[in-house]
Amino acid sequence: PWYAYMGGIFGAAWVTSAIYLAPKLGFATFQLAATAGQLLSGIVCDSIGLLHLTASTPTPWRVICTLFVVGAPR
């Protein structure tokens with residue numbers, strides 16, 4: 001399937017962004033932004049049922065934890 005090739009593309013984008021952004025932002029902030037993005041995209045993918053999975057509504061616990069990561073002090 002088409003999404004099997006996305007890992008290579010996203011991997012190259014990850015390495016490129018780490019090389020350019022980590023020195024400017026600092027490694028901790030870069031990792032925090034990456035983790036927050038993964039959590040947010042995971043909630044969205046679960047809620048729409050991406051990749052033929054069963055759609056599930058976001059629980060308050062997942063949303064609260066994601067907001068704590070997004071709102072962490074930098």
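Throughout, residue positions are numbered sequentially from 1 according to the sequence presented. This is a predicted model, so every value here is computed, not measured.
- When every heavy atom of Ile48 is checked against every heavy atom of Ala55, the shortest pair comes out as C-CB, 4.0 Å.
- When the side chains of ILVMFWY residues are joined at heavy-atom separations under 4.5 Å, either directly or via intervening members, Leu53 and Ile43 end up in two distinct hydrophobic clusters.
- Residues Ser47 and Pro58 come closest through the heavy atom pair CB-CD, 4.1 Å.
- For the pair Leu32 and Val69, the tightest heavy-atom approach, listed with the atom from each and the gap, is CD1-O, 3.6 Å.
- Transitive grouping of hydrophobic side chains (ILVMFWY, heavy atoms separated by less than 4.5 Å) brings Leu50 and Ile9 into a common cluster.
- With hydrophobic clusters built from ILVMFWY side chains whose heavy atoms lie under 4.5 angstrom apart, Val15 shares a cluster with Phe30.
- Hydrophobic clustering (ILVMFWY, side-chain heavy atoms < 4.5 Å, transitive): Leu21 and Trp14 are in one cluster.
- Atom CG of Leu25 sits about 11.0 Å away from atom CD of Gln31, to the nearest 0.5 Å.
- Tracing side-chain contacts under 4.5 Å through hydrophobic residues (I, L, V, M, F, W, Y), one never reaches Leu39 starting from Ile64; they form parts of separate clusters.
- The minimum heavy-atom distance linking Pro23 with Ala18 is given by the pair CD-O, 3.8 Å.
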